[in-house]
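Taking it in order: structure first as structure tokens, then the write-up.
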2 protein chains.
Amino acid sequence: MPLRMTNQREIILEELKKTDQHLNADELYERVRLLVPRISLATVYRNLELLTELGIVTKLEISGRPKRYDFDVGRHDHIFCIECHRIDNIEVKCEEIAPAVLIMKGEYSITGYRLEFVGICPKCQGKRHKEKK
Amino acid sequence: MPLRMTNQREIILEELKKTDQHLNADELYERVRLLVPRISLATVYRNLELLTELGIVTKLEISGRPKRYDFDVGRHDHIFCIECHRIDNIEVKCEEIAPAVLIMKGEYSITGYRLEFVGICPKCQGKRHKEKK
DNA sequence: TTCTCTGCAAATAATTTGCACCCAT
DNA sequence: ATGGGTGCAAATTATTTGCAGAGAA
């Protein structure tokens, strides 16, 4: 009898849906805690993992940093600001990437790809100017 | 007076150069230990970090897994086998990716990108067949 | 000699897990 | 009532750091 909709699970989903940011487990925990004070971080982790497996949310693994979660499960890629660490969604068409695969050596059968851009977001570009770095 | 070429640093570099695999700190530690038995894992970590900063090796951060290091510092991307976790280098031409950036919303200034393919390597494709999975 | 580097142990950070109780179905 | 879910604490995994001594330059 799988998947019970518990109060904590519902709130976790709601809070993730509510924001346009890509929260990590701890940030989400802090938000959910305001509504369910006795919830534990482990529950947040377990639910995010489960919801990811079920394809209800997307796990976003920016290398070397805590995993982040996205309510948007559609195929899309990300861009990461090296200054403030914010992450935004970007759209990259599959057809744009496909030809690149052809250059690949070996006979891998491709099941997916992850394209991550790194850059400086508009807000941080402004700051840089001001600071005269 | 920067960068002393210590015995441990030299061996670490040599062992990394010697292999075509992308070793993580621990795997490299095990190999180096055969030659420098008293070396500590912390030394391996510190050297890999330093060598990365100096641009002598490349750090490869496949999300959610221990960092791996590559003696090849040239611009290249990777493909990761979801079965056996091996990683191979691939070549993707910048020009193939560039157009994709144009679709990006927002005004980020791009400083780099990471393209990771995920798939099943030739060896594992064979295994899958045999196992009749 | 002078500092960087090292080994060791302890600390951190992110995440996972064991266990007994709880509660959605 | 049943078995999936939870809170809590402890365990794990990957990595970093403080410190005193070692050894390249």
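The chains referred to below are lettered A, B, ... by the order of the sequence lines, with proteins before strands, and numbering in each begins at 1. These numbers come from a predicted model, not from an experiment.
For B/Arg68 and D/dT15, the CZ to C1' distance is 15 Å, given to the nearest whole Å. Here C/dC21 presents its C1' atom at 13 Å from CD of A/Gln8, a figure rounded to the nearest Å. Atom CD1 in B/Ile11 sits roughly 16 Å away from atom C1' in D/dG23 (whole-Å rounding). Rounded to whole Å, atom P of D/dA24 lies 12 Å from atom CE of B/Met5. We find that CD of A/Glu10 is positioned 12 Å from C1' of C/dA24, with the value rounded to whole Å. B/Leu48 has its CG atom 10 Å from the P atom of D/dT15, to the nearest Å. Protein atom CZ of A/Arg9 is 13 Å distant from nucleotide atom C1' of C/dC23, rounded to whole Å. Rounded to a whole Å, the OH atom of B/Tyr29 is 10 Å from the C1' atom of C/dC8.
Nearest heavy atoms, A/Thr58 versus A/Val73: OG1-CA, 3.1 Å. The nearest pair of heavy atoms linking B/Leu48 to B/Val57 is O-CG2, 4.2 Å. The shortest heavy-atom contact between A/Leu3 and A/Leu50 is CD1-CD2, 3.8 Å. Contact detail for A/Ile39 and A/Tyr29: the closest heavy-atom pair is O-CE1, 3.5 Å.
In this structure, the nucleotide among D/dA24, D/dT2, C/dT6 sitting nearest to the side chain of B/Arg4 is D/dA24. Candidate nucleotides D/dC8, D/dG18, C/dC5 were compared by shortest atom distance to the side chain of B/Leu50, and C/dC5 ranks first.
Between the base of D/dG5 and the side chain of A/Arg38 there is no donor-acceptor pair shorter than 3.5 Å. No hydrogens or angles were tested; on distance alone, a donor-acceptor pair under 3.5 Å links the side chain of B/Arg46 to the base of C/dG7.
The shortest distance between the side-chain N/O atoms of B/Thr6 and the OP1/OP2 oxygens of C/dT4 is not below 4.0 Å. A close approach under 4.0 Å does not occur between any side-chain nitrogen or oxygen of B/Ser40 and OP1 or OP2 of C/dT6. The phosphate of C/dT6 has OP1 or OP2 within less than 4.0 Å of a side-chain N or O from B/Asn47.
Between atom OH of residue A/Tyr45 and atom CD1 of residue A/Ile12 there is a gap of 12.0 Å, rounded to the nearest 0.5 Å.
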Footprint string (nucleotides 11-16 of chain C, 5' to 3'): B base within contact, S backbone only, - free, heavy atoms under 4.0 Å = ---SBB
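Side-chain atoms of A/Arg68 come within 3.5 Å of backbone atoms of A/His22 as a donor-acceptor pair (strictly under, hydrogens ignored). With hydrogens and angles disregarded, a donor-acceptor distance shorter than 3.5 Å links the side chain of A/Glu27 to the backbone of A/Asn24.
Rounded to 10 degrees, the angle separating the terminal axes of the helix from C/dT1-D/dA25 to C/dT25-D/dA1 is 30°, with each axis obtained from five end pairs.
Ion pairing of B/Glu15 with B/Lys18 is present here, as a side-chain N (NZ or NE/NH1/NH2) and a carboxylate O approach within less than 4.0 Å. Between A/Arg33 and A/Glu30 there is a salt bridge, since a side-chain N of the basic residue sits under 4.0 Å from a carboxylate O of the acidic one.
Within the 4.5 Å cutoff, no side-chain heavy atoms of B/Arg9 are placed close to those of B/Thr43.
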